[in-house]
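Working notes, beginning with the structure itself.
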Amino acid sequence: MRWRRNALPAALAAALSVLPSGRRNGYAHGGPTAVTEDSLSGAGGTAPAPDRPEPPSTGRSGERGAHAAGTGRPDAASDRGADRGAPRQRLRAWAELLRVSALFSVPGDALAGAAAVGRRPGRGTALAIGASLCLYEAGMALNDWADRDEDAVDRPHRPIPSGRVSPAAALGAAGALTAAGLALAARAGRPALTVATGLAATVWAYDLHLKHTKAGPAAMAAARSLDLLLGATATATATGVRAPGGGSSSDNVAAAAHRGLPACLPALPAALVLGAHTYGVTAVSRHETQGGSTGTPLAVLATTTALAAAVLRESWGRAPGRPGTAGAEDDADVSVNAHPDTVARRLDAGPLGMVTDPARLLAITLTGAYLRTAGPPLLHAALNPSPPLTQRAVGGGIRAMIPLQAALAARAGAPGTALAVMGLVPLARSFARKVSLT
């Protein structure tokens, strides 16, 4: 009897030693899977039960190691899945760093600037849009590089503190994008390069120092205003500007180049409106991590209402060369901006103008879309200044820039440009579902 008692444990131990690894933790075939050490990644993995088919690879490194541990051999298919997944993860990290969902608020600056100086978008406008996109993304990368220590506490999920993008790579990207933006602006002429240089300097000054001071919102507002003026200057002074009739006009080009920066002065009122909106969004964003501010969202809501009224108020003054001036009307122009002379006169007829006019109705509709996008999130943030609602108000303010830019273009007598700007809204909404605006 004593021999049997001693032999039984030995026999059980021998039987357990030959069982597959999935049973060694005492789980039967119908029970949960065993947790084993993942020798490939250094993290704990989950091995499937030996009598069940192995699940397909998802391309994540932790699961790849688990599959290898459960089967006792490398899984080549899983390795290929991980290799395919790694570039996608890096791409997503950079998309988050650069806030690609907010990019669609940038082209409207240049388009609104072109409309404000009475020009249809052309080569200079395209160069200005490219420069603006590069400088905007440079600011995003530089912002996260400068805030990496703060984000490690408040936003550890961001690409740099989470380790998905290195600080050196973010800083290098900021420098390269700034250089690319200035190079594109230089192609539009010296006046455009001058404005772009001021814009780049403002972006770097804000990210490296000013955003932590009381001058932060003003610096960000100046950057948006300069971006609109960059579009106006590049459109008005770029080599190769076409006369409204479609033919090349060397006289107009020479005159614009001679005027230089004063060529963008008619766009100054629109730039100030866009800058004031940006000031408000930036002021609200300073409370997006802790919340707690009721007065700021309320003040910005009042400012938003005042800006909408300013867009619809009576004349800001005619821009030289605005569609509708002598020689500016032809068949092609009428097809894009319907009857520009009538549009320009009726838009300047009073606070509401002739509301039966289609162009005036478009301006009113776009202004209403601006209020509808920016207003409710600000009101919610004022009633409950929690971080999530404050962040939502910031996102609403960023999205509202597109209908504001479109309203400014319609206000300048360019309904075709206004509709083109509004065409960016579906794209911005789609990308915002994938990558956060803030």
Side-chain angles (χ1 to χ4, degrees), residues 101-116 121 224-225 227-228 231 267 269-282 284 297 300-314 316 336-338 343 346-347 350-382 389 391-433 437-438:
S101 57
L103 272 180
F104 299 97
S105 70
V106 177
D109 291 346
L111 293 171
R224 270 291 175 173
S225 295
D227 199 32
L228 189 146
L272 292 176
V273 169
L274 190 61
H277 172 78
T278 306
Y279 186 102
V281 174
T282 308
V284 174
V300 174
L301 180 59
T303 302
T304 299
T305 305
L307 291 176
V311 173
L312 297 176
R313 72 179 174 85
E314 60 181 295
W316 287 346
V336 177
N337 297 323
V343 170
R346 290 182 179 178
L347 286 176
L352 292 179
M354 297 183 65
V355 295
T356 58
D357 183 78
R360 190 62 186 177
L361 283 175
L362 177 62
I364 294 173
T365 301
L366 294 174
T367 304
Y370 163 64
L371 284 173
R372 176 66 182 84
T373 305
L378 287 170
L379 181 59
H380 295 159
L389 290 181
Q391 292 168 12
R392 190 173 299 175
V394 174
I398 295 173
R399 289 191 298 271
M401 288 182 182
I402 298 178
L404 177 58
Q405 294 158 347
L408 290 172
R411 176 64 180 75
T417 300
L419 292 175
V421 172
M422 283 301 291
L424 298 172
V425 170
L427 294 173
R429 189 173 299 166
S430 175
F431 273 79
R433 296 190 186 103
L437 287 167
T438 61

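- For the atom pair OG1 of Thr304 and CG of Leu379, the computed distance is 11.5 Å after rounding to the nearest 0.5 Å.
- Looking only at distances, no side-chain donor or acceptor of Arg429 sits under 3.5 Å from a matching main-chain atom of Arg399.
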(request) Given side-chain contact (heavy atoms from CB on, under 4.5 Å), test Val281 with Ile398 step by step and report yes or no. (result) CA-CA 7 Å; Val281 174; Ile398 295 173; 4.3 Å; yes
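- Inter-residue side-chain proximity for Leu312 and Ile364 is flagged as met; some heavy-atom pair is nearer than 4.5 Å.
- When all heavy atoms of Phe104 and Ile402 are compared, the closest pair comes out as O-CD1, 3.5 Å.
- Shortest non-hydrogen contact noted between Leu408 and Ala270 is CD1-O, 3.8 Å.
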Review item, side-chain donor-acceptor pairs of residues 366-376, under 3.5 Å, at least two apart:
from	atom 1	to	atom 2	distance (Å)
Thr367	OG1	Ala363	O	2.8
Tyr370	OH	His277	ND1	3.0
Thr373	OG1	Ala369	O	2.8

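- Across every non-hydrogen atom of Leu274 and Thr278, the tightest pair is O-OG1, 2.9 Å.
- Closest approach of Thr417 to Ala409, counting heavy atoms only: CG2-CB, 4.1 Å.
- Judged purely by atom type and a 3.5 angstrom limit, Arg392 has no side-chain atom pairing as donor or acceptor with the backbone of Pro377.
- The shortest non-hydrogen separation linking Met401 to Ser105 is CB-CB, 4.3 Å.
- A donor-acceptor contact shorter than 3.5 Å is absent between the side chain of Ser430 and the backbone of Pro426.
- A search for side chain to side chain contact (heavy atoms under 4.5 Å, CB included) contacts involving Ala114 returns Thr125, Thr235, not counting sequence neighbours.
- Atom-to-atom distance recorded for Arg224:CZ and Leu272:CG is 15.0 Å, nearest 0.5 angstrom.
- In this view, Leu419 and Leu362 satisfy the side chain to side chain contact (heavy atoms under 4.5 Å, CB included) rule, not counting sequence neighbours.
- Atoms CG and CG, on Leu424 and Leu111 in that order, are 7.5 Å from each other to the nearest 0.5 Å.
- The two atoms that bring Ala115 and Ala414 nearest to each other are CB-CB, 3.8 Å, heavy atoms only.
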